[in-house]
*Asks:* 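Dumping the structure here so I can ask a few things about it.
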There are 2 protein chains.
Amino acid sequence: MMNMDPALDMQKASQLLKLLGDKTRLMMMKLLQSHDCCVCEFVAIFNMSQPGISQHLRKLKDAGLVKETRRGQWVFYSLNRENEYGGFIDDLLKHLPDQNERFVELEAQGLRITCE
Amino acid sequence: MMNMDPALDMQKASQLLKLLGDKTRLMMMKLLQSHDCCVCEFVAIFNMSQPGISQHLRKLKDAGLVKETRRGQWVFYSLNRENEYGGFIDDLLKHLPDQNERFVELEAQGLRITCE
DNA sequence: TACATATATAAGTACATAATTATATAATAA
DNA sequence: TTATTATATAATTATGTACTTATATATGTA
C-alpha cells in the first residue's frame with residue numbers, strides 16, 4: 001500500500017502529535033481551519049493570559065503548522081497550507097467537532113476583529 | 001458535514017493525541033496493527049527497560065487502546081478493536097510507515113515469541 | 001511628542017512525564 | 001520444593017511543559 005506521507009517518520013509524527021496533544025493548541029488549529037484569528041481573539045476565546053496564548057502560537061509556528069501576518073496593530077495567524085504534513089493534520093482535524101460557535105460568541109460580544 | 005466521531009470532543013481528542021505523542025507508544029500502536037506482541041518482544045524492539053515498556057503499555061491499556069491476554073508465562077497485547085475512538089486512531093496510524101521490518105529483525109534474532 | 005493597544009519575550013514556578021533501579025507477583029520447569 | 005522467566009508495581013529522579021507575572025517592543029492615536 002502506498003504511503004501518502006513518505007516524509008512522516010515516527011519521530012516527526014510523534015512530535016506533531018505531542019504538539020496537538022494539548023487542548024488549547026488543538027482547538028486553535030481547528031478554529032484556524034475555518035477562520036484566521038488574531039492573538040486578541042484567541043485571548044477572548046480561551047481562558048488564558050495573553051502571553052500564554054502567544055507561547056502556544058509560537059510552538060505551532062515553529063512546527064510550521066501556522067503562519068503569522070501583521071495587519072496594522074494586529075498579528076493574524078492562519079494555517080500554513082504549504083506545510084508538508086498538511087494531509088496528516090487535515091485527516092486528524094476532520095474528526096474534531098466544528099468550533100464555529102466560538103466565533104458566533106465572539107461576534108455577540110463585539111470582540112471579533114475584522115481589520116480592513 | 002457529518003461528524004463521524006460524535007463522542008470525540010476536544011478534551012478526549014487531546015488526551016488521545018498526547019498519549020500517542022510519544023515515539024515509543026506511537027510505534028507500539030503501529031506494531032500492534034500488524035501483530036500482537038508480548039512484553040518481552042517490545043523489550044527486544046525498544047532500547048528500554050522492561051518496567052519502562054510495561055508502563056507505556058499500561059497507559060495504552062488505561063486509555064482503552066489495547067487489550068492484554070495472558071498466554072502461559074507471557075502477556076500478549078493487542079489493539080482493542082472495540083475502542084470507540086478506533087476510527088480516529090486508524091486514520092492516524094495509516095499515515096505512519098509500516099514497521100513489519102522490526103518483526104523480521106526479531107525473527108532473525110530468534111526473539112519472536114509464537115506461544116502455542 | 002506622549003499615551004494606549006497589541007503582541008512577544010523573559011523569568012519563575014508548579015506540575016507532569018518518562019525514564020531508571022529495586023522489588024513484588026505470577027507462571028513454569030527442575 | 002526451589003529456581004527461573006515474565007511481568008507489574010513502587011520509589012526515585014531528571015527533565016519537560018504549561019502556566020503565571022513582569023517587561024520589552026511595535027503599532028496606532030491624540
Side-chain angles (χ1 to χ4, degrees), chain A residues 10-11 14-29 32 36-63 65-78 106 109-116, chain B residues 10-11 14-29 32 36-63 65-78 106 109-116:
Chain A
M10 286 289 169
Q11 179 62 41
S14 59
Q15 278 174 9
L16 288 173
L17 293 175
K18 178 168 291 178
L19 197 68
L20 299 180
D22 175 277
K23 199 178 162 187
T24 302
R25 287 192 295 266
L26 186 62
M27 186 151 157
M28 282 174 161
M29 289 295 290
L32 290 176
D36 293 2
C37 256
C38 72
V39 178
C40 62
E41 288 174 311
F42 281 129
V43 172
I45 289 172
F46 295 100
N47 190 21
M48 189 181 301
S49 66
Q50 174 269 315
I53 296 294
S54 279
Q55 283 158 16
H56 281 303
L57 288 168
R58 174 91 123 94
K59 290 187 183 191
L60 293 174
K61 195 185 68 170
D62 286 350
L65 298 187
V66 305
K67 294 181 300 185
E68 59 175 15
T69 317
R70 182 174 278 278
R71 294 190 207 145
Q73 59 191 141
W74 298 285
V75 174
F76 276 77
Y77 283 82
S78 56
L106 265 195
Q109 297 173 272
L111 293 174
R112 185 101 175 94
I113 306 291
T114 41
C115 181
E116 298 314 305
Chain B
M10 286 289 169
Q11 179 62 40
S14 59
Q15 277 174 10
L16 289 173
L17 294 176
K18 179 170 291 179
L19 198 67
L20 299 181
D22 174 279
K23 199 178 162 187
T24 302
R25 286 193 296 266
L26 186 61
M27 186 150 157
M28 282 174 161
M29 289 295 289
L32 289 176
D36 293 2
C37 256
C38 72
V39 178
C40 62
E41 289 175 310
F42 281 129
V43 173
I45 289 172
F46 295 100
N47 190 23
M48 190 181 299
S49 67
Q50 174 269 315
I53 296 294
S54 279
Q55 284 158 15
H56 281 303
L57 288 169
R58 174 91 122 92
K59 291 186 183 188
L60 292 174
K61 195 185 68 172
D62 287 350
L65 298 187
V66 305
K67 294 182 301 185
E68 58 175 18
T69 317
R70 182 173 278 278
R71 295 191 207 144
Q73 61 191 141
W74 298 285
V75 176
F76 276 75
Y77 283 84
S78 56
L106 265 195
Q109 297 173 271
L111 293 174
R112 185 101 176 94
I113 307 291
T114 41
C115 180
E116 298 312 305

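The chains referred to below are lettered A, B, ... by the order of the sequence lines, with proteins before strands, and numbering in each begins at 1. Just so you know, these numbers come straight off a predicted model, no measurement behind them.
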*Asks:* Roughly how far, to the nearest 0.5 Å, is the CG atom of A/Leu57 from the OH atom of A/Tyr77?
*Replies:*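 Result: 5.0 Å between the selected atoms.
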*Asks:* Could you check how far CG of B/Asp62 sits from C1' of D/dT9, rounded to whole Å?
*Replies:*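 Checked: the CG to C1' distance equals 13 Å.
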*Asks:* Set out, line by line, the N/O atom pairs under 3.5 Å between protein and nucleotides 22-28 of chain D.
*Replies:*
none

*Asks:* Just to verify, what does B/Gln50 make a side chain to side chain donor-acceptor pair (under 3.5 Å) with, not counting sequence neighbours?
*Replies:* B/Ser54
*Asks:* Any heavy-atom pair between the side chains of A/Asp36 and A/Arg71 that's under 4.5 Å?
*Replies:*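 Counting from C-beta outward, A/Arg71 and A/Asp36 do come under 4.5 Å.
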*Asks:* For C/dA8, take OP1 and OP2 only and decide whether either is under 4.0 Å from a side-chain N or O of A/Arg58.
*Replies:* no
*Asks:* Are B/Leu65 and B/Leu20 packed together at the side-chain level, in the sense that at least one heavy-atom pair is separated by less than 4.5 angstrom?
*Replies:* yes
*Asks:* Calculate the interatomic distance between B/Glu41 atom CD and D/dA6 atom P; express it in whole Å.
*Replies:* 11 Å
*Asks:* Scan for salt bridge (charged side-chain N to carboxylate O under 4.0 Å, His left out) pairs involving residues 50-61 of chain A, sequence neighbours excluded, and state none if there are none.
*Replies:* A/Arg58-A/Asp62, A/Lys61-A/Glu68
*Asks:* In this structure, how many angstroms lie between the C1' atom of D/dA6 and the CZ atom of B/Phe42, rounded?
*Replies:*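 Spelled out: CZ on B/Phe42 to C1' on D/dA6 is 15 Å.
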*Asks:* Is there a side-chain contact between B/Glu41 and B/Phe76 (heavy atoms, below 4.5 Å)?
*Replies:* yes
*Asks:* Working to the nearest 0.5 angstrom, can you tell me the gap between B/Cys37 SG and B/Ile53 CD1?
*Replies:*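 Atom-to-atom, B/Cys37:SG and B/Ile53:CD1 are 10.0 Å apart.
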*Asks:* Through what angle, rounded to 10 degrees, does the axis of the helix from C/dT1-D/dA30 to C/dA30-D/dT1 turn between its ends, using five pairs per end?
*Replies:* 10°
*Asks:* Any chance you could measure B/Leu19, atom CG, to B/Ser14, atom OG, to the nearest 0.5 Å?
*Replies:* 11.5 Å
*Asks:* Do you know the tightest heavy-atom contact between A/Arg25 and A/Lys18?
*Replies:* NH2-O, 3.9 Å
*Asks:* List in chain and number order the residues that pass side chain to side chain contact (heavy atoms under 4.5 Å, CB included) with A/Ser49, two or more places apart in sequence or in another chain; answer none if no residue qualifies.
*Replies:*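 Result, side chain to side chain contact (heavy atoms under 4.5 Å, CB included) vs A/Ser49: A/Pro51.
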*Asks:* Distances for protein N/O vs nucleotides 16-19 of chain D N/O pairs under 3.5 angstrom?
*Replies:*
| from | atom 1 | to | atom 2 | distance (Å) |
| --- | --- | --- | --- | --- |
| D/dA18 | OP1 | A/Asp22 | OD2 | 3.4 |
| D/dA18 | OP1 | A/Arg25 | NH2 | 2.9 |
| D/dA18 | OP2 | A/Arg25 | NH1 | 3.3 |
| D/dA18 | OP2 | A/Lys59 | NZ | 2.8 |
| D/dC19 | OP2 | A/His56 | NE2 | 2.5 |

*Asks:* Any side-chain heavy atom of A/Met28 within less than 4.5 Å of one from A/Phe46?
*Replies:*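 With C-beta onward as the side chain, the pair touches.
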*Asks:* What is the distance from CH2 of B/Trp74 to C1' of C/dT28, rounded to the nearest Å?
*Replies:*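 Those two atoms, CH2 and C1', are 9 Å apart.
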*Asks:* Just how far, in rounded Å, is C1' of C/dT9 from CD1 of A/Ile53?
*Replies:*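 One finds 16 Å between C1' of C/dT9 and CD1 of A/Ile53, rounded.
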*Asks:* Report yes if at least one side-chain N or O of B/Tyr77 is closer than 4.0 Å to OP1 or OP2 of D/dA8; otherwise report no.
*Replies:*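 Yes, within the criterion.
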